[in-house]
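Okay, so here's the structure we're looking at.
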Amino acid sequence: GFARTPQVPFGERATDGSKWSFLEHKGPVMAAPYEPLPSNVRFFYDGKQMKLSPEAEEVATFFAKMLDHEYTTKDTFRKNFFKDWRKEMASEEKSKITDLKKCNFNEMGEYFKAQSEARKAMTKDDKLKIKVENERLLQEYGFCIMDNHKERIANFRIEPPGLFRGRGDHPKMGMLKRRIRPEDIIINCSKGSKHPKSPPGTKWKEVRHDNKVTWLVSWTENIQGAIKYIMLNPSSRIKGEKDWQKYETARNLKKCVERLRNQYREDWKSKEMRIRQRAVALYFIDKLALRAGNEKEEGESADTVGCCSLRVEHINLYPEKDGQDFVVEFDFLGKDSIRYYNKVPVEKRVFKNLQLFMENKQPEDDLFDRLNTSILNKHLQELMDGLTAKVFRTYNASITLQQQLKELTTDENLPAKILSYNRANRAVAILCNHQRAQPKTFEKSMQNLQTKIDAKKDQLSDAKRDVKSAKADLKVRRDEKFKKLEEQLMKLEVQATDREENKQIALGTSKLNYLDPRISVAWCKKWGIPIEKIYNKTQREKFAWAIDMAEDDYEF
DNA sequence: GGGTACACTTAGCAACTCACGA
DNA sequence: TCGTGAGTTGCTAAGTGTACCC
């Protein structure tokens, strides 16, 4: 169930900015120490065997484990890896090993492959032992006490060392992600609690008692210098309440969105360039659910953009295209280097403004040179309390789900209703550009499904023949069988449609982060659909508050 | 305003699990 | 009983947005 404190009801937290008054936990699980390779697993440099120091060997194994990944062929990856690897080498190693091309990691690679094969081939009993040990670790480290409630921790393990794999064309790919020691770790818990012990012979970097934040453990990673946190599971009170708040803010936007839209339409005509830019950007964020687009430091990460950071090269303008007027073509890499490609007809004023913004600019110049997310968000804050650019994504996602469900749900059988739900969900995922790589097994799995469908069709036509020839007293039973087969066939066909429509769309992200769960809960109640058909166990835990709260007439 | 530190949400993919059919 | 693959979970990168400093 969902944890609530009796003293402070749901949604009414302390006003002094404190997030909890009591917090006790066991600290993180450190990464397993490095186990040196057995001596029969060799490394060769320039054809000659070479025994590596443990430090250099460990980093070499990181590379060896990735050998059949495309990464290891990329120039940037290899260059970064080699540079960082050399830092870990002893001085003789460093002077000998000067060319990555001459390094032969094959025996190491084979060794790890064999190991993973062996793991797969373990006896049931050995697998069970591992499972039991994992469960023990979860029970010991996976929970904390926050304000009288035992809460599940999300990521209680410290990230193990390895080679950094960024997304897209990341300039730092291949760099060594170093091992985190207790001396790097800050523990956060309440003063009166039992502090987690650091491993024998070590010390935490710091133990602090900051109840203005929600994290239990933090450390700074060495690739970007970013802080990493251990926090609570989405099922926790603290996350659930924040989630609920997020949707309430989005519902507030619903109340005033028409006013805001009128406002930015007016602003398209402003005498001031900065206001016109702000208004056009906001139009994109609203209409297309684009992300805000903070500035990024060049060379620190992949070159991706959002709305405010769009460059001239990311759009093309067509006064007329495919029979439509004033078409804007977007083509850019967004978060996680996922491509956003869209052709949208826009209002004439928007189009004229865009032409103006692009005048006398180079392709690599900012489209909105008088705008950034900070300016935009300050403006939004003035229009509505708590309003920021990302609220539009939440609002448009949730309102789209609600509308689509209304439009698509028909009084049919259960599988058809589920298909309608998935289609509504899909409309949102498309809006938010939540893509995925087509599963490698897609074609095969579609074929398998088609085989099943064909077999079912055969069964059905056999049954039909039987019905014709059956004697009257058998007819009733035959009819039942016939009905059952038809149902099974329909189910398979719906499944095939759903899968085909979904091959390059990821539904999970919108379901988990953008869709007010109360819409789905209400829909299930209204149509008598078990919630399990829509949310799996984890999702039901995360959305327990909504499952408790929403009635069948809930309106986002 | 601009830079930076920090906290927190959002994201896709890989690994794992478990139910199902051969 | 085993192998398969769809669904689930874990992992951790990559965003957003605020606070605070100058």
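Just so it is clear: chains get the letters A, B, ... in the order the sequence lines come, proteins before strands, and each one is counted from 1. Since the model is a prediction, treat every value here as computed from it, not as a measurement.
- A side-chain N or O of A:Gln435 and one of A:Asn433 form a donor-acceptor pair less than 3.5 Å apart.
- Residue A:Lys246 is in sugar-phosphate contact alone, with no base atom involved, counting any heavy-atom pair closer than 4.0 Å across all strands shown.
- Side-chain atoms of A:Asp147 and A:Ser21 form a donor-acceptor pair, as typed in the model, at a separation below 3.5 Å.
- Sequence order on DNA chain B of the closest nucleotides to A:Met231 and A:Thr509 puts A:Met231 first from the 5' end.
- Contact annotation: A:Gln224 side-chain N/O to C:dA13 OP1/OP2 distance is not under 4.0 Å.
- Note on A:Lys335: every side-chain N or O is 4.0 Å or more away from OP1 and OP2 of B:dT9.
- Spacing between atom CH2 of A:Trp219 and atom P of C:dA13 amounts to 10 Å, rounded to whole angstrom units.
- Applying ring-ring contact (aromatic ring centres under 6.0 Å, His included) to A:Phe63 and the options A:Phe81, A:Phe112, A:Tyr71 leaves one that passes, A:Phe81.
- A:Ile338 comes within 4.0 angstrom of the backbone, heavy atoms only, and of no base.
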Sort me out a list of protein N/O and nucleotides 15-22 of chain B N/O pairs below 3.5 Å, or just none if empty.
none

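- For the residue pair A:Gln139 / A:Glu135, a side-chain donor-acceptor distance below 3.5 Å is found, with atom types taken as modelled.
- Taking only side-chain nitrogens and oxygens, A:Arg393 comes nearer than 4.0 Å to OP1 or OP2 of B:dA11.
- Inspection of the A:Glu248 and A:Asn252 side chains reveals no N or O donor paired with an N or O acceptor under 3.5 Å.
- Contacts of A:Gly293 with the nucleic acid, taken as non-hydrogen atoms under 4.0 Å apart, involve only primed sugar atoms and P, OP1 or OP2.
- Remark: C1' of B:dC8 and CD1 of A:Ile227 are 11 Å apart, rounded to the nearest angstrom.
- Nearer to the 5' terminus of DNA chain B, by closest-nucleotide assignment, is the contact made by A:Trp215 (compared with the other of A:Trp215 and A:Arg291).
- You won't find any donor-acceptor pair under 3.5 Å spanning the side chain of A:Lys228 and the base of C:dT12, going by distance alone.
- Smallest separation of non-hydrogen atoms from A:Met446 and A:Ala496: CE-O, 3.5 Å.
- Under 4.0 angstrom from either OP1 or OP2 of C:dG3 there lies no side-chain N or O belonging to A:Lys120.
- Across all their heavy atoms, A:Phe156 and A:Leu137 have their closest contact at CE1-O, 4.2 Å.
- Using modelled atom types and a 3.5 Å distance limit, the side chains of A:Gln402 and A:Asp516 yield no donor-acceptor pair.
- For A:Asn372, the listed nucleotide lying nearest its side chain is B:dG2; candidates were C:dT12, B:dG2, C:dA14.
- Residue A:His434 has no polar side-chain atom (N or O) positioned under 4.0 Å from OP1 or OP2 of B:dT10.
- Here the P atom of nucleotide C:dT8 and the CD atom of A:Glu532 are 12 Å apart, to the nearest Å.
- A straight line from OH of A:Tyr340 to C1' of B:dG12 spans 19 Å, rounded to a whole angstrom.
- Among the atoms of the strands shown, base atoms are found under 4.0 Å from some heavy atom of A:Arg167.
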Can you name the atoms? Protein N/O to nucleotides 18-22 of chain C N/O, anything below 3.5 Å, with the distance.
none

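- Of the options A:Arg178, A:Lys205, A:Arg179, a salt bridge (Lys or Arg N to Asp or Glu O under 4.0 Å) to A:Asp184 is made by A:Arg178 and by none of the others.
- Look at A:Ser218 and you won't find any side-chain N or O under 4.0 angstrom from OP1 or OP2 of B:dA7.
- A:Lys242 has its NZ atom 12 Å from the C1' atom of B:dT10, to the nearest Å.
- Judged by closest nucleotide on DNA chain C, A:Arg157 is the one of A:Arg157 and A:Ala292 placed further toward the 5' end.
- In this structure, A:Thr304 reaches the sugar-phosphate backbone alone: every heavy-atom distance under 4.0 Å involves primed, P, OP1 or OP2 atoms, never a base.
- Side-chain contact check for A:Asp210 and A:Asn188: no donor-acceptor pair (N or O, by modelled atom type) lies under 3.5 Å.
- Counting any heavy atom pair closer than 4.0 Å across all strands shown, A:Ala389 reaches sugar-phosphate atoms only and no base atom.
- Residue A:Lys390 is classed as a sugar-phosphate contact, given heavy-atom separations below 4.0 Å to backbone atoms only.
- Atoms CG (A:Asp210) and P (B:dA5) sit 18 Å apart, rounded to a whole Å.
- Summary of the strand contacts: A:Gln539 and A:Gly168 both lie near DNA chain C, and taking for each the nucleotide with the nearest heavy atom, the more 5' one is attributed to A:Gln539.
- Nearest to the side chain of A:Glu159, among C:dA13, B:dC8, C:dG17, sits C:dA13.
- Between the side chains of A:Lys296 and A:Thr304, at least one donor-acceptor pair of N or O atoms lies under 3.5 Å.
- Contact annotation: A:Asn513 side-chain N/O to B:dT9 OP1/OP2 distance is not under 4.0 Å.
- With rounding to whole Å, A:Asp498 atom CG is found 14 Å from C:dG7 atom C1'.
- A:Tyr229 comes within 4.0 angstrom of a base, heavy atoms only.
- In this structure, A:Gly508 reaches neither bases nor backbone, as no heavy-atom distance under 4.0 Å exists between it and the strands shown.
- Distances shorter than 4.0 Å separate some side-chain N or O of A:Asn294 from OP1 or OP2 on C:dT16.
- Separation of the A:Tyr341 and A:Phe330 ring centroids does not fall under the 6.0 Å cut-off.
- Across all strands, A:Lys511 comes closer than 4.0 Å to no nucleic acid atom at all (heavy-atom distances).
- In this entry the distance linking CG of A:Leu515 with P of B:dT9 reads 17 Å, nearest Å.
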